[in-house]
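No hydrogens, no waters, no symmetry mates; every other heavy atom, side chains included, goes into these values. Here is how names work: the chains are called A, B, and so on, in the same order as the sequence lines, proteins then strands, and each is numbered from 1.
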Amino acid sequence: MDILSDLEARGLIHDTTDRDALATRLSSGPIVLYCGFDPTADSLHVGNLIGLLTLRRFQLAGHLPISLAGGATGMVGDPSGRDAERNLLDDEGLAKNLEGILPQLRMFLNFDGESAAKLLDNRAWTVGVGVLDFLRDIGKHVTVNQMVAKDSVKSRMSEGDGISYTEFSYMLLQGYDYLWLAENENCELQVGGSDQWGNIVLGVDLIRRKLGQSAHALTWPLLTKPDGTKYGKTAGGETIWLSPDKMSPYRFYQAWIGVDDSEVRKLLLQLTFLSLPEIDDLVAEHEKNPQNRLGQRTLARELTAVVHGEQAATSAVEASELLFEPSADMTSVSASALEFVSGEVPSTSMQKLTTGIVDILVETGLCQSRKDAKRAIAEGGIYLNGTRVTESDLTPTADHLLHDKYILLRRGKKLWHLLVVG
RNA sequence: GGGUCGGUGCCCGAGUGGCCAAAGGGAACGGGCUGUAAACCCGUCGGUUCACACCUACGGAGGUUCGAAUCCUCCCCGGCCCA
């Protein structure tokens with residue numbers, strides 16, 4: 001199956017310029033394509049995931065992807081999909097953000113071998129350009145009529161606080177990127193989310209006018225939840241970051257475990273490299289027993305492996321089983337799994353075991369007062385190493401220690417605390 | 001500046017001398033149900049205590065009283081009306 005049909009089947013094509021011409025071009029040999037990522041934060045997030053994966057899909061199909069870090073465009077701010085002006089980043093913040101996202105951009109692509117990818121920063125060709133040159137060489141080829149007609153601009157002009165000239169100019173910078181890449185890197189295709197369509201075709205036009213060449217655009221639908229809002233946050237409202245420093249692999253994994261059944265198929269198609277028949281089988285299996293959440297588990301595992309690596313994915317699965325399978329046998333759990341868990345739940349260290357369970361609960365913050373702790377125990381809401389605590393005068397002993405140093409406490413279903421003794 | 005109404009536990013809000021740790025609702029928490037969901041049902045929801053009891057608490061500080069969230073005085077803060 002060729003790349004375009006594959007993308008189509010996965011629901012990853014929202015719009016393209018001349019579809020047949022693009023298909024012909026793609027089948028005639030490797031093509032250079034690019035996708036831009038602005039350093040708006042010190043890590044990329046799920047919103048950037050499809051872009052990264054799409055570049056990878058193209059590379060796997062033998063094409064030559066360029067990951068473009070928007071060191072220059074990030075200074076200006078893309079108005080697309082925003083209803084308010086962005087705050088400008090200072091140089092220091094921008095540098096920090098760039099530093100954060102560069103390794104992430106590298107992670108998804110292969111930079112060696114036959115179809116080696118490239119990682120570029122648009123500051124390289126933007127910083128030195130003078131205002132007058134820019135206005136004459138780029139500005140002259142674009143009419144304001146055209147620019148004002150873009151949805152991202154129109155909406156900001158008709159409602160809200162308007163749009164600054166800075167952000168209004170964003171599309172010119174992006175157009176210039178495409179032009180520069182076409183001219184210097186033989187780039188013939190730009191891909192992006194559907195909100196990037198206007199910015200991309202502006203570049204396409206620019207290339208036609210300046211270079212007399214044709215260039216292609218391909219966008220995918222923005223990833224949205226059933227309620228129409230963007231993906232990118234967990235149920236708790238936490239942004240799903242790709243950086244392990246900002247969101248641990250475990251929490252990343254958990255974020256996908258919770259997705260709606262109705263979303264499973266779409267997300268597997270769009271976010272994993274599983275083949276279409278594999279996904280069909282998986283979804284069929286999932287629908288037989290939705291309560292097993294095979295689909296979510298597969299999705300979460302695949303995605304965690306892509307973003308954080310195989311090993312982290314395995315640990316995330318293990319830790320999840322430990323914390324969520326009521327039948328999980330704590331006494332046989334591996335030391336490495338406990339080690340991993342200790343990074344995910346709050347922990348307290350104790351010199352030795354002398355205090356009673358009630359005081360321990362207060363010290364760990366699981367309960368607010370001794371009374372609260374006794375109440376929680378009476379209600380059957382306290383578990384020690386997975387076993388419900390029934391006596392409030394219990395004092396844990398060495399027999400309770402897992403691997404000679406851990407005791408895993410739980411209040412209710414989700415509140416964990418690891419006691420490290422020694 | 002004058003008048004007036006008000007300030008109650010995480011939030012809203014009842015309570016106008018003892019039966020008030022303070023109704024009711026919401027949030028939160030635990031249990032049940034369940035697919036690490038929603039809804040629903042049950043329970044808990046100031047602290048110490050096994051408990052009797054005691055302590056702390058109704059804007060702040062004093063006072064009256066055997067006894068005050070409730071009455072009085074002063075102060076602080078908010079709403080509204082008049083200047």
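- Map A/Q296 and A/R388 each onto its nearest nucleotide of RNA chain B; the residue landing nearer the 5' end is A/R388.
- On a pure distance criterion of 3.5 Å, a polar donor-acceptor pair joins the side chain of A/Q254 and the base of B/U36.
- To the nearest 0.5 Å, the span separating OG on A/S214 from CZ on A/R25 amounts to 9.5 Å.
- Ring geometry, A/Y165 versus A/F168: the interplanar angle falls from 30° to 60°, so the pair is classed tilted.
- The distance from atom CZ of A/F252 to atom C1' of B/U36 is 18 Å, rounded to the nearest whole Å.
- Taking a pair to require two hydrogen-bonding distances under 3.5 Å in either a Watson-Crick or a G-U wobble arrangement, B/C80 pairs with B/G3.
- Of the two residues contacting RNA chain B, namely A/G380 and A/K414, the nearest-nucleotide position lying further toward the 5' end is that of A/G380.
- At the phosphate of B/U36, neither OP1 nor OP2 sits under 4.0 Å from any side-chain N or O atom of A/Y253.
- Within 4.0 Å of A/D261, counting heavy atoms only, lies at least one base atom of the nucleic acid.
- Atom pair A/R370:CZ and B/G46:P shows a separation of 18 Å (rounding to whole Å applied).
- Here A/R293 lies in heavy-atom contact (under 4.0 Å) with a base.
- Relative ring orientation between A/Y250 and A/F340 is described as perpendicular, the plane-to-plane angle rising above 60° on a 0-90° scale split at 30° and 60°.
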